[in-house]
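Worksheet: one structure, shown below.
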Amino acid sequence: MFQMPGFKQNMIVRSDGPIDLETPLSSLDKAWLTAIEDHYVRCHLPAPRVDDTAAKAWTLSIDGEVNRSLKLSMDEIRKNREVSQTVTLECSGNGRVYSNPTVPGLQWEKGAVSNAKWTGVALRDVLNAAGVKPTGKHVIFNGADEPMASIPDFVRSIPIEKAMHPDTLIAYKMNDVDIPLIHGKPLRLVVPGWEAAASCKWLVSLRLSPEEADGNFMRNAYRIPNRNVAPGSAVDPKDMIPYTALDVKSIFTAPRDDSTFKFGSPIELRGFAWAGEADITRVDISTDFGRTWAAAELGTDKARYAWRRFRYSFRPPKIGAYLPLSRATDSQGRVQPVLPNWNPAGYIYNVIDKVRINVEA
Ligand SMILES: Nc1nc2c(c(=O)[nH]1)N[C@H]1C(S)=C(S)[C@@H](COP(=O)(O)O)O[C@H]1N2
Ligand SMILES: [Mo]
């Protein structure tokens with residue numbers, strides 16, 4: 001069993017060094033806002049050592065295509081207007097295990113996704129203090145985690161438009177407490193609605209550049225083909241584009257797969273639906289293998305970049321096996337696909353979800 005101070009034993013360990021933890025669906029099911037100890041964890045490299053003294057002395061440097069290079073203390077950062085966003089972070093590779101043919105990478109099932117409240121300051125305010133030159137088209141960011149022999153430094157970038165969006169944060173709090181070490185203590189980016197690799201943890205530097213970041217995590221990783229490709233095929237790197245905003249998706253969080261129920265009482269099917277920068281407009285459920293669909297009820301908790309709870313009361317017409325399906329639609333008119341669109345890294349797996357249930361006499 002997984003045992004590490006500060007982590008729940010029921011987390012699913014995808015890697016124990018660097019630490020990658022998937023949240024069990026039963027934990028996600030508990031609340032709209034995921035508790036810190038239930039939030040999934042993804043680290044490409046070992047977390048840096050950041051004790052409270054180091055956190056107090058932390059600095060963030062801003063340089064490159066700016067009028068004034070800055071090195072800001074935590075106090076200087078906190079002088080900006082404080083803002084919060086509740087954001088559903090999802091790892092690009094969430095659902096990768098369902099790729100056929102299989103692809104390399106962490107074999108996440110459904111739980112590399114969580115919803116937390118992040119508080120800090122707008123990245124824009126800090127960039128404006130430095131004064132971005134017209135040539136500053138990308139913000140390249142680095143965290144304090146160090147490269148290892150086999151893994152290069154985790155350096156990525158986002159385009160200036162997303163960096164200047166008032167909802168893009170430099171956060172110092174997660175669910176109203178100081179960000180815990182594994183989630184980026186004491187500072188991280190939160191790039192709402194985008195695949196979570198844009199949300200750099202242990203943030204130490206921002207560099208404005210005319211170009212995207214170089215290096216493995218921008219040039220090779222987090223890229224998808226610019227067209228649909230045949231499963232298993234190799235794709236020329238020049239035909240790969242960065243994966244940015246999340247697609248529309250829903251997952252069942254209850255009941256558990258393969259649950260058995262007694263015939264006669266209704267079964268509550270529930271889960272979450274999210275769509276990155278778009279809003280969830282509906283979630284439809286089918287309990288007859290996709291022949292007919294009916295709208296699920298959407299939860300009242302909502303935030304611009306957060307998932308939406310859905311619930312559906314299912315009354316099985318007779319005993320037997322069922323495979324309820326969930327299909328979300330968003331405000332951009334996107335609908336979850338029936339079948340996966342395979343890609344070499346197994347990103348954006350967002351096929352209509354399903355859960356097996358058995359109804360007995
Ligand atoms: N510095 C740094 N930031 C990082 C990472 C990392 O390895 N190093 N992993 C990224 C990836 S791939 C994901 S999915 C999210 C996970 O955030 P979490 O561990 O807080 O859930 O952090 C991102 N930020
Ligand atoms: Mo990720």
Side-chain angles (χ1 to χ4, degrees), residues 10-15 18-30 32-34 38-44 86-116 154 156 182-184 190-201 217 221-225 242-254 256-257 271-278 280 283 305-310 325-328 330 334-337 339-355:
N10 69 348
M11 293 297 277
I12 303 158
V13 183
R14 297 286 170 216
S15 159
I19 301 172
D20 296 301
L21 305 176
E22 176 168 343
T23 310
L25 296 174
S26 58
S27 295
L28 293 180
D29 186 59
K30 290 187 296 185
W32 178 71
L33 198 69
T34 311
D38 290 325
H39 198 288
Y40 85 97
V41 173
R42 172 67 172 118
C43 299
H44 286 277
T86 298
V87 175
T88 299
L89 284 183
E90 184 185 21
C91 185
S92 316
N94 195 25
R96 176 181 287 129
V97 70
Y98 309 113
S99 296
N100 181 13
T102 59
V103 296
L106 294 175
Q107 298 299 300
W108 301 112
E109 295 178 34
K110 298 176 190 177
V113 59
S114 298
N115 187 48
F154 187 79
R156 305 203 69 232
I182 206 70
H183 294 293
V190 175
V191 181
W194 283 31
E195 58 78 30
S199 294
C200 182
K201 305 193 274 191
F217 291 106
Y222 306 112
R223 295 178 93 87
I224 50 175
Y243 177 27
T244 57
L246 295 171
D247 207 329
V248 64
K249 180 162 175 176
S250 67
I251 53 168
F252 284 111
T253 53
R256 199 191 307 201
D257 218 23
F272 292 102
W274 63 96
E277 294 176 326
I280 290 296
V283 176
Y305 304 101
W307 60 18
R308 206 72 193 271
R309 173 73 95 174
F310 70 85
L325 308 175
S326 71
R327 182 185 69 192
D330 75 13
R334 297 181 298 185
V335 185
Q336 281 183 266
L339 293 169
N341 182 0
W342 186 94
N343 64 90
Y347 295 144
I348 347 186
Y349 184 89
N350 70 331
V351 169
I352 290 172
D353 200 27
K354 53 186 191 294
V355 61

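Both backbone and side-chain heavy atoms feed into the values below; hydrogens, waters and symmetry mates do not. Numbers here are sequence positions counted from 1.
In this structure, the side chains of R327 and V283 stay at 4.5 Å or more apart for every pair of heavy atoms.
When each of D353, T253, N94 is paired with K110, the side-chain hydrogen bond (donor to acceptor under 3.5 Å, both in side chains) condition holds for D353 and for no other.
Remark: D257 engages V355, R356 in a side-chain contact (heavy atoms from CB on, under 4.5 Å) (not counting sequence neighbours). In this structure S199 satisfies the side-chain contact (heavy atoms from CB on, under 4.5 Å) test together with L89, R188, V191, sequence neighbours excluded. For Y243, there are no ring-ring contact (aromatic ring centres under 6.0 Å, His included) partners, not counting sequence neighbours. Evaluation of the side-chain contact (heavy atoms from CB on, under 4.5 Å) rule for P101 yields P231, W342 as partners, not counting sequence neighbours. For R223, the salt bridge (Lys or Arg N to Asp or Glu O under 4.0 Å) partners are E212, not counting sequence neighbours. Applying the side chain to side chain donor-acceptor pair (under 3.5 Å) rule to R42 yields the partners D20, H44; only residues at least two apart in sequence or on another chain are considered. Judged as a side-chain contact (heavy atoms from CB on, under 4.5 Å), and not counting sequence neighbours, the contacts of T244 are W194, P242. K354 is linked by a side chain to side chain donor-acceptor pair (under 3.5 Å) to nothing, counting only residues two or more places apart in sequence or in another chain. By the side chain to side chain donor-acceptor pair (under 3.5 Å) test, N115 pairs with T88, sequence neighbours left out. By the ring-ring contact (aromatic ring centres under 6.0 Å, His included) test, W274 is found to be paired with W307, residues two or more places apart in sequence or in another chain being considered.
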Using residues 343-351 as the side-chain source, report each donor-acceptor pair under 3.5 Å to any protein atom, sequence neighbours left out, with the distance given to one decimal.
residue	atom	partner	partner atom	Å
N343	OD1	G346	N	3.2
N343	OD1	Y347	N	3.0
N343	ND2	Y347	O	2.8
Y347	OH	Y222	N	2.9
N350	ND2	V248	O	2.8

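Residue pairs meeting the salt bridge (Lys or Arg N to Asp or Glu O under 4.0 Å) criterion with at least one partner in residues 89-107, sequence neighbours excluded, are E90-K249.
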